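What follows is a single structure, written as C-alpha cells, with notes after it.
When a residue number appears, it is its place in the shown sequence, counting from 1. Side chains included, hydrogens not; waters and symmetry mates left out as well; all remaining heavy atoms used. Keep in mind that this is a model prediction, so the values were computed, not measured.
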Amino acid sequence: MTTFSTDSDCHGGPDPSRKRFADTRRHLVFHPQYQTDLPAYGLNQPFALDRGAMVLRRLTMELGQTPAYETPRPLERQQVTRVHTEAYLESLTQSSTWLEIFELKEELDALGRLPGAVKPFHTILDDFLLKAGGTLLSARKAIAGGMCANLGGGYHHAFPDQGRGFCAINDVAITVHEILREKLAERVMVVDVDFHQGDGTARCLAGRKDVYTFSIHSHEGWPEEKSVSNKDIAVAEKDQARYLEMLQDGLAASVQEFQPDFVLLVDGSDAYEKDVLPGTKFLKLPLSVMQKRSEFIIDLFAERKTPLSLVFAGGYGPDVWEVHYHTVRQLLARSGVTFGAAARIT
Ligand SMILES: [Zn+2]
C-alpha cells in the first residue's frame, strides 16, 4: 500500500519562494508539443487541445513565474499492446482509421491528408502517444510524491480494438496496467467525471479484481450504449441540481468498498455550462459546481493519503480550461504549493 504525507516539506528552509517553484515539477506533467497543430491536419472542430497551455498561463499569472513541469516520453508500442490489439494498432497507420475516430466524413487525398491539410492524418498518432506517455509519467510521479496532474490525455472511449469519440489510445487503461504490472500499487481506482461515460476504460479493465472503475456521467447523449463500470452514476438532465450530492455519496461509498491505494482521476470538463460541443447540452453545470467537484475529489484522497494522478479528458471550446485550472490549483495547494493571497482566484 502506497501512502504519502500531506505535510509538505515546502515550508521553512532558507528560501521558501524558490522551493515553491521547484515543487511544482513534482506535480505537473506537460510538453509544449501537447499543443497539437490542428489546422496542419485539416481539423477545424471545437477541440481544446491547448488546455494545458491555458492552465499553465493562468498559474503563471498567479505564481508570478511559469511553474516547473516534467516532460514525458511517448508510450512505446509494447506498452500500448498490453491494452490494444496488434491489428488495431496497425490500423492507426492508416489515415482512414482516424476519419472514423474523429467522426469525419471528408475525403482523404492520395497522401492520406484531409482537405487543406499539410500533414497526413495518421501522423497525429505521435501526439497521442506523447500525451499518453504523460498519463503514465504522472501516475508514477503521483505514487512517488502524492499527487500529480498530466495537463492533457484522458482518451477514455478507446476500446481494445477500436478508437472512438476522438480517442485513439486508452492512456487511462494502459497506465493502470503498467502501474499494477510494476507493482507500484495493488488496488487502482479510476474516477471518471467526464460528461461522457468512461466506457472504453470500463471495457479495457473489465474483470480485474485489482481495479475499480467509477464513472459519473450524463444519462442522455453519446454513447447511447453504455459499458458496465464497477460503479456507474448516470445523471439525468432533470437531476443535474443534485450532481454534487450524487457524486459525493457515490464516490464515498465506492472508496469505502474498494479501499484504493492509487487513484486516476479522469477530469473531463465537458459537463461545464460553457462547453461548446452540441452533444453535451444535457448537463450545464456552473463553475461553482465544477470547483466544488474538484475540491471534493482532491480533498477526499488527500485526506486518505491516497496518491492521485489526473488527466484532462473531454472539454470543448475556449473556456473549459477554467475547470481544469481549478482542479490543478487544488491539487497543487493540497501538495503544499503556496499561492499568494492577493492573487487568489474567486
Ligand atoms: Zn467527454
Side-chain angles (χ1 to χ4, degrees), residues 36 41 43 72-105 108 112 114 119-140 150 152-185 188-190 192 194 196-213 215 217 222-230 232 264 266 268 309 311-314:
T36 299
Y41 294 100
L43 290 167
R73 285 185 305 195
L75 282 187
E76 293 170 9
R77 186 183 184 94
Q78 188 183 28
Q79 295 169 316
V80 176
T81 54
R82 292 208 176 92
V83 165
H84 294 287
T85 64
E86 288 278 0
Y88 169 61
L89 193 52
E90 199 56 38
S91 77
L92 290 177
T93 62
Q94 305 296 317
S95 290
S96 55
T97 306
W98 291 87
L99 278 186
E100 292 169 26
I101 294 171
F102 280 77
E103 301 167 7
L104 297 171
K105 304 271 187 285
L108 295 164
L114 284 168
K119 290 182 175 178
F121 201 179
H122 71 271
T123 59
I124 201 170
L125 175 62
D126 293 341
D127 285 7
F128 274 82
L129 290 173
L130 182 65
K131 284 180 249 194
T135 300
L136 178 57
L137 176 61
S138 179
R140 286 186 175 136
N150 180 27
Y155 308 118
H156 60 159
H157 295 309
F159 287 162
D161 59 353
Q162 185 191 5
R164 310 157 58 252
F166 318 144
C167 299
I169 299 285
N170 197 315
D171 55 325
V172 177
I174 292 168
T175 293
V176 171
H177 269 273
E178 288 294 291
I179 292 303
L180 288 166
R181 194 181 65 83
E182 294 172 10
K183 302 195 186 310
L184 296 176
V188 177
M189 176 178 273
V190 178
D192 192 321
D194 191 275
H196 306 94
Q197 191 204 29
D199 57 349
T201 309
R203 190 179 289 197
C204 291
L205 298 172
R208 289 196 69 133
K209 294 270 185 285
D210 48 5
V211 180
Y212 188 105
T213 49
S215 179
H217 48 263
W222 193 88
E224 309 299 340
E225 191 179 326
K226 309 279 196 281
S227 296
V228 179
S229 314
N230 291 93
D232 283 303
L264 211 167
V266 183
S309 172
V311 294
F312 280 5

Sidechain-backbone polar pair: [X] side chain, [Y] backbone, donor-acceptor under 3.5 Å:
| X | Y | answer |
| --- | --- | --- |
| Ser95 | Gly112 | yes |
| Trp98 | Leu92 | yes |
| Thr135 | Asp171 | no |
| Tyr155 | Val172 | no |
| His84 | Phe159 | yes |
| Asn170 | Ala158 | yes |
| Thr81 | Gln78 | yes |

[X] side chain to [Y] side chain, donor-acceptor N/O pair below 3.5 angstrom:
| X | Y | answer |
| --- | --- | --- |
| Asp194 | His217 | no |
| Lys226 | Ser215 | no |
| Asp232 | Gln197 | yes |
| Arg203 | His157 | no |

| What pair of heavy atoms forms the shortest contact from Ala185 to Leu180, and how long is it? |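 Taking every non-hydrogen atom into account, O-CD2, 3.5 Å.
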| Heavy-atom pair with the smallest gap, counting every atom of Pro160 and Cys204 |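 Shortest heavy-atom contact: CD-SG, 3.7 Å.
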| message | Before you tell me yes or no, could you show the steps for Leu114 and Leu99 under side-chain contact (heavy atoms from CB on, under 4.5 Å), namely the whole-Å CA-CA distance, both residues' side-chain angles and the distance that decides it to 0.1 Å? | response | CA-CA 9 Å; Leu114 284 168; Leu99 278 186; 3.6 Å; yes
| request: Find the distance between NZ (Lys131) and OG1 (Thr36) and round it off to the nearest 0.5 Å. | output: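 Reported value, rounded in 0.5 Å steps: 3.0 Å.
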| query | CG of Leu264 to OG1 of Thr201: how many Å apart, nearest 0.5 Å? | reply |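 Answer rounded to 0.5 Å: 9.0 Å.
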| task | Check the pair Leu75 / Leu136 against side-chain contact (heavy atoms from CB on, under 4.5 Å), numbers first and verdict last. | result | CA-CA 8 Å; Leu75 282 187; Leu136 178 57; 3.9 Å; yes
| request: Run the numbers on Arg82 and Ile174 for side-chain contact (heavy atoms from CB on, under 4.5 Å), then give the verdict. | output: CA-CA 7 Å; Arg82 292 208 176 92; Ile174 292 168; 6.0 Å; no
| request: Applying salt bridge (charged side-chain N to carboxylate O under 4.0 Å, His left out), run through Lys105 and Glu100 and close with a yes or a no. | output: CA-CA 8 Å; Lys105 304 271 187 285; Glu100 292 169 26; over 6 Å; no
| Does the pair Glu103 and Arg164 meet the rule for a salt bridge (charged side-chain N to carboxylate O under 4.0 Å, His left out), with working shown? | CA-CA 8 Å; Glu103 301 167 7; Arg164 310 157 58 252; over 6 Å; no
